[in-house]
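As a basis for the values below, the full set of heavy atoms in this structure was taken, side chains included, without hydrogen atoms, waters or symmetry mates.
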Amino acid sequence: MSDEETKPSDFIREAVAEDLKSGRFNYVRTRLPPEPNGYLHIGHVKAFMIDYLIAKENNGELILRFDDTNPAKEETEFVDAIEDDARWLGIQWGKVTYASDYFDELYEWARKLVLMGKAYVDDQTPEEVSANRGTLTTSGKNSPYRDRDVKENIDLLERMKQGEFPDGSRILRAKIDMGHPNINMRDPAMYRIIHQPHHRTGDKWKIYPMYDWTHGQNDSMEGITHSLCSLEYENHRPLYEWFPEQLGVFKPRQIEFARLNLSYTLMSKRKLRRLVEEKVVKGWDDPRMPTLRAMRRRGYTAEAILDFINRVGVAKNYSVSDVALLESCVREDLNKKSLRRMAVLNPLKVVIDNYPEGQIEEMDAVNNPEDPTAGIRKIPFSKVLYIEQEDFREIPPPKYYRLFPGNEVRLRYAYFIKCMHVVKNENGEVTEVHATYDPSTRGGDSLDGRKVKSTIHWVSADHANEAEIRMYDRLFTKEDPEEGDEGFLSCINPNSLVVTTGYTEPSLVSPEVGSRYQFERQGYFCVDPDSSLNRPVFNLTVNLKDAWAKIEKKVK
RNA sequence: UGGGGCAUGGUGCAAUGGCAGCACACCAGCCUUUGGAGCUGUGGAUCUUGGUUCGAAUCCAGGUGCCCCAGCCA
């Protein structure tokens, strides 16, 4: 296998290679630019991996730079969480910086622009600024303050900085062209007045730089060669390039790609916040959320997430990836790694009539058929068992070959059993299944070559341990939760969380929080921090493919 | 009646003028002590019209559709 062949390529990697070849840059340096105003979600992972891998593949550097230019929205808590999540993904960066590290230098650069006559203080109200910006199809109007002289501008800017003026009373604007067809070039704001403490600079500043003024200049100051961002910044590129051009400083290259969208998933921080605030979910780390904290809690591995991101690829097409692909990646990874265990989620009592009262046998069970080195374990077998309610039907539908009266199935790693009769309650519901076992099939193999069509899982009732099982499904019922007029809150899946009490084999009495198992024939489960002594809580990470569900649906 | 961008199976991504391919999903079969996993196979796509060319998904022209932009958010 050669690295040359397996190395992914896309239009960004090609552009970077071209820049190196042409000599536009002789090194590669990228940056991760999160705003510390919320938790990372899977959409960020795509952007992060592009930055990280492109730096890595080119023996370049990666800087983690927090874009903290708006004190009203940002908090240290998020800085820590973002670093933690990024590290969990395995991303490595050279150093951590903050936009706020550069506030002084940025201010000097702004003064320089004012001195050059390329920026001015505007006294218009926000409403006037907006009204005079024009529309998409009509030109804007120059501010009456646009031709203020340099001295006055310098003085006013300094006084803005000193906190002499109230919020919203003035802004510093770049002097470009109010008639520009690209609205971002119609004298964009560089500084606004905000009398609020900043999570890092405290109350030193009363003015804060805007994204457009900050980001590109930070890139330049840090010697970033490639500033990779999502498509919505395409319209900002002319401005991104205008500033360093005027200042005569290092000019990084901005390249845009399509952000990640996922079916049945919301990616906007604002809307995710509503889910938390309106208690649709229990918090940012609720396993149904697309945040990394939630996915970690749910049991997704970093490897699976990274594999997914890699398979999705990089392009400029607006696209919505299928959440089924993510789930497939999670299954593939977990299938190789997870220890198998037996757990009954919705118990139905089975009594083996011909099994000696009080007898207990230890059955050998394989820990992971995909990994022989995982070894085997012992599971106790006795006269009274629990099986899954779904694994018994009094009247079997077509193609059903699990347990039903008269049918024989295999209890995994134990015996063949045959259903003889059932016991019902006053409502006519089956409460107990009676069966006989064939002692010659111990371990699950018949001596006479007799075949059964089904193998079902079980636990010994006396030895089983109670556990809380949290079964998760998609949060939304629509592929695009935002489709239609009713909004995403109108298509919440009422069954996105179903909690049951299940029974596990005794080896799972107190599993380590965060450990992952495959419950045979059901899915992958991860031990939740809510677990208490002898009463673990298991989160469904992802279910196993359910062939019977498909058949049943088709037969109907 | 502006500017910027994008159109390839159901979904996502390749093919860089030379046999339209990969993954997921789907369907059929094989195998199976998980109706799991695995294996094999089938079907299905170049937005449209015209042009250049021996040859076009790719180049050119027109059309159509979708996305982004009028924060003192990022």
Peer 1: When we call it a touch if two heavy atoms are under 4.0 Å apart, what does F11(A) touch: a base, just sugar-phosphate, or nothing?
Peer 2: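 Contact class for F11(A): none.
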Peer 1: Scan L231(A) against the nucleic acid and name what it touches under 4.0 Å (heavy atoms): base, sugar-phosphate only, or nothing.
Peer 2: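 Since no nucleic acid heavy atom lies under 4.0 Å of L231(A), the category is nothing.
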Peer 1: Among rC24(B), rC26(B), rU1(B), which is the nearest nucleotide to the side chain of L325(A)?
Peer 2: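 My answer, after comparing the listed nucleotides, is rC24(B).
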Peer 1: When the C1' atoms of rU32(B) and rC39(B) are compared, how many Å lie between them, rounded to an integer?
Peer 2: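 Pairwise C1' distance, rC39(B) against rU32(B), rounds to 11 Å.
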Peer 1: Is the closest basic N to carboxylate O distance between R311(A) and E332(A) below 4.0 Å?
Peer 2: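 Salt bridge present between R311(A) and E332(A).
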Peer 1: Does Q518(A) make a side-chain donor-acceptor contact with the base of rU34(B), cut-off 3.5 Å?
Peer 2: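 Such a pair is found, so the answer is yes.
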Peer 1: Partner lookup for rC26(B), please. Criteria are Watson-Crick or G-U wobble with both distances under 3.5 angstrom; report none if nothing qualifies.
Peer 2: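 Result: none.
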Peer 1: Kindly say if N317(A) contacts the phosphate of rA7(B), meaning a side-chain N or O under 4.0 Å from OP1 or OP2.
Peer 2: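 The answer is yes; a side-chain N or O of N317(A) sits under 4.0 Å from OP1 or OP2.
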Peer 1: Taking atom types as they are modelled, is there a donor-acceptor pair under 3.5 Å from the base of rG3(B) to the side chain of N235(A)?
Peer 2: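 Counting by modelled atom types and ignoring angles, a donor-acceptor contact under 3.5 Å is found here.
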Peer 1: Return the value, rounded to whole Å, for the distance between atom CZ of R341(A) and atom P of rU34(B).
Peer 2: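 Those two atoms, CZ and P, are 17 Å apart.
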Peer 1: Is there a donor and acceptor pair, one atom on the side chain of R402(A) and one on the base of rG35(B), closer than 3.5 Å?
Peer 2: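 Side chain to base: pair found, below 3.5 Å.
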Peer 1: With a 4.5 Å cut-off on side-chain heavy atoms, are S169(A) and I193(A) touching?
Peer 2: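 Yes. Closest side-chain heavy atoms under 4.5 Å.
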Peer 1: Please classify the nucleic acid contact of V452(A) as base, sugar-phosphate, or nothing, using heavy-atom distances under 4.0 Å.
Peer 2: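 Nothing: the residue V452(A), judged by heavy atoms under 4.0 Å, touches no strand.
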Peer 1: What's I551(A) touching, base or sugar-phosphate or nothing? Going by heavy atoms closer than 4.0 Å.
Peer 2: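 Base contact.
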Peer 1: Remember a base hit wins even if backbone is also touched, and classify R311(A) as base, sugar-phosphate or nothing at under 4.0 Å, heavy atoms.
Peer 2: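 Sugar-phosphate only.
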Peer 1: Does K554(A) put a side-chain nitrogen or oxygen below 4.0 Å from OP1 or OP2 of rC27(B)?
Peer 2: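 No, because none of the side-chain N or O atoms of K554(A) sits under 4.0 Å from OP1 or OP2 of rC27(B).
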Peer 1: Under a 4.0 Å N-O cut-off, is there an ion pair linking E388(A) with R402(A)?
Peer 2: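 No salt bridge links E388(A) with R402(A).
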Peer 1: Is the shortest side-chain N/O distance from S319(A) to OP1 or OP2 of rU11(B) below 4.0 Å?
Peer 2: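 Answer is no, no contact under 4.0 Å.
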Peer 1: Does rA14(B) have OP1 or OP2 sitting under 4.0 Å from an N or O in the side chain of R13(A)?
Peer 2: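 So the side-chain polar atoms of R13(A) never come under 4.0 Å of the phosphate oxygens OP1 or OP2 of rA14(B).
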Peer 1: Less than 4.0 Å between a side-chain N and a carboxylate O, is that true for R31(A) and D51(A)?
Peer 2: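 Salt bridge: yes.
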Peer 1: Is the phosphate of rC73(B) approached by K269(A) (side-chain N or O, under 4.0 Å from OP1 or OP2)?
Peer 2: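 Checking K269(A) against rC73(B): no side-chain N or O falls below 4.0 Å of OP1 or OP2.
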Peer 1: Between rG21(B) and rU8(B), how far apart are the two C1' atoms, rounded to whole Å?
Peer 2: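 Pairwise C1' distance, rG21(B) against rU8(B), rounds to 11 Å.
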Peer 1: NA contact type, T125(A), heavy-atom cut-off 4.0 Å: base, sugar-phosphate, or nothing?
Peer 2: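 The answer is base, as T125(A) lies within the cut-off (heavy atoms under 4.0 Å) of a base atom.
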Peer 1: For R259(A) and rC68(B), is the shortest distance between a side-chain N/O and OP1 or OP2 below 4.0 Å?
Peer 2: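 So the side-chain polar atoms of R259(A) never come under 4.0 Å of the phosphate oxygens OP1 or OP2 of rC68(B).
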Peer 1: Under 4.0 angstrom, heavy atoms only, what part of the nucleic acid is H236(A) near: base, sugar-phosphate, or nothing?
Peer 2: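 The answer is base, as H236(A) lies within the cut-off (heavy atoms under 4.0 Å) of a base atom.
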Peer 1: Examine the base of rG36(B) for any acceptor or donor lying under 3.5 Å from a partner atom in the side chain of E370(A), and report the outcome as yes or no.
Peer 2: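 Per atom types, the contact qualifies.
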Peer 1: Looking at K545(A), does any N or O in its side chain come under 4.0 Å of the phosphate oxygens OP1/OP2 on rA37(B)?
Peer 2: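 Yes, because at least one side-chain N or O of K545(A) sits under 4.0 Å from OP1 or OP2 of rA37(B).
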Peer 1: Please classify the nucleic acid contact of K453(A) as base, sugar-phosphate, or nothing, using heavy-atom distances under 4.0 Å.
Peer 2: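 If one applies the 4.0 Å heavy-atom cut-off, K453(A) turns out to touch nothing in the nucleic acid.
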Peer 1: Verify the distance criterion only: is there a donor paired with an acceptor across the side chains of Y211(A) and E35(A) at less than 3.5 Å?
Peer 2: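 The criterion, which ignores hydrogens and geometry beyond distance, is not satisfied for E35(A) and Y211(A).
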Peer 1: So, under a plain 3.5 Å distance rule, would you say the side chain of Y318(A) forms a donor-acceptor pair with the base of rG5(B)?
Peer 2: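 Answer is no: no donor-acceptor pair is held.
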Peer 1: T455(A) or P181(A): which one's nearest nucleotide on RNA chain B is closer to the 5' end?
Peer 2: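 Result of the comparison: P181(A).
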Peer 1: If you assign each of A315(A) and E332(A) to its closest nucleotide in RNA chain B, which residue comes earlier from the 5' end?
Peer 2: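 The answer here is A315(A).
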Peer 1: Taking only side-chain nitrogens and oxygens of T69(A), does any of them come within less than 4.0 Å of OP1 or OP2 of rA74(B)?
Peer 2: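 Answer yes for this pair, as a side-chain N or O of T69(A) is under 4.0 Å from OP1 or OP2.
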Peer 1: Across the strands shown, which category fits Y233(A) at heavy-atom distances under 4.0 angstrom: base, sugar-phosphate, nothing?
Peer 2: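 Result for Y233(A) = base.
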Peer 1: Considering just the side-chain nitrogens and oxygens of R133(A), establish if one lies under 4.0 Å of OP1 or OP2 belonging to rG71(B).
Peer 2: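 For rG71(B), OP1/OP2 do have a side-chain N/O of R133(A) under 4.0 Å.
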Peer 1: So what does E128(A) hit on the nucleic acid, given a heavy-atom distance under 4.0 Å: a base, only sugar-phosphate, or nothing?
Peer 2: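 It contacts nothing in the nucleic acid.
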Peer 1: Which part of the nucleic acid, if any, lies within contact of D445(A), taking any heavy atom under 4.0 Å across all strands shown: a base, the sugar-phosphate backbone alone, or nothing?
Peer 2: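 Base, at least one base atom sits under 4.0 Å.
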Peer 1: Searching all strands shown, indicate the nucleotide that pairs with rC6(B) (Watson-Crick or G-U wobble; both distances under 3.5 Å).
Peer 2: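 Pair assignment: rC6(B) / rG65(B).
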Peer 1: Within the pair R521(A) and rG35(B), is there a side-chain N or O less than 4.0 Å away from OP1 or OP2?
Peer 2: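 So the side chain of R521(A) is within the cut-off, an N or O lying under 4.0 Å from OP1 or OP2 of rG35(B).
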Peer 1: Determine the contact category for R340(A): base if any of its heavy atoms lies under 4.0 Å from a base atom, sugar-phosphate if only primed atoms, P, OP1 or OP2 are that close, otherwise nothing.
Peer 2: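 Base contact.
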Peer 1: rC67(B) C1' sits how many Å from K316(A) NZ, rounded?
Peer 2: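 From K316(A) NZ to rC67(B) C1': 12 Å.
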Peer 1: On the 0 to 90° scale, with breaks at 30° and 60°, tag the F519(A)-F525(A) ring pair as parallel, tilted or perpendicular.
Peer 2: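 Ring orientation, 0 to 90° scale: parallel.
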Peer 1: Sort out the partner of rU32(B) for me: Watson-Crick or G-U wobble, both distances under 3.5 Å, none otherwise.
Peer 2: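 Check on rU32(B): unpaired, no WC or wobble geometry under 3.5 Å.
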Peer 1: Using purine N1 to pyrimidine N3 plus N6-O4 or O6-N4 for Watson-Crick, or N1-O2 and O6-N3 for G-U wobble, each under 3.5 Å, what pairs with rU42(B)?
Peer 2: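 Paired with no nucleotide.
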Peer 1: Applying a 4.0 Å non-hydrogen cut-off, can you work out what T214(A) is touching in the nucleic acid: base, sugar-phosphate, or nothing?
Peer 2: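 Nothing: the residue T214(A), judged by heavy atoms under 4.0 Å, touches no strand.
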Peer 1: Please determine whether a side-chain nitrogen or oxygen atom of T138(A) lies at a distance below 4.0 Å from atom OP1 or OP2 of rU1(B).
Peer 2: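 It does not, given that no N or O in the side chain of T138(A) lies less than 4.0 Å from OP1 or OP2 of rU1(B).
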Peer 1: State the CZ-CD distance between F381(A) and E505(A), to the nearest 0.5 angstrom.
Peer 2: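 The distance works out to 14.0 Å.
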Peer 1: Quick one: label V366(A) by what it contacts on the DNA or RNA (base, sugar-phosphate, nothing), any heavy atom closer than 4.0 Å.
Peer 2: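 Since no nucleic acid heavy atom lies under 4.0 Å of V366(A), the category is nothing.
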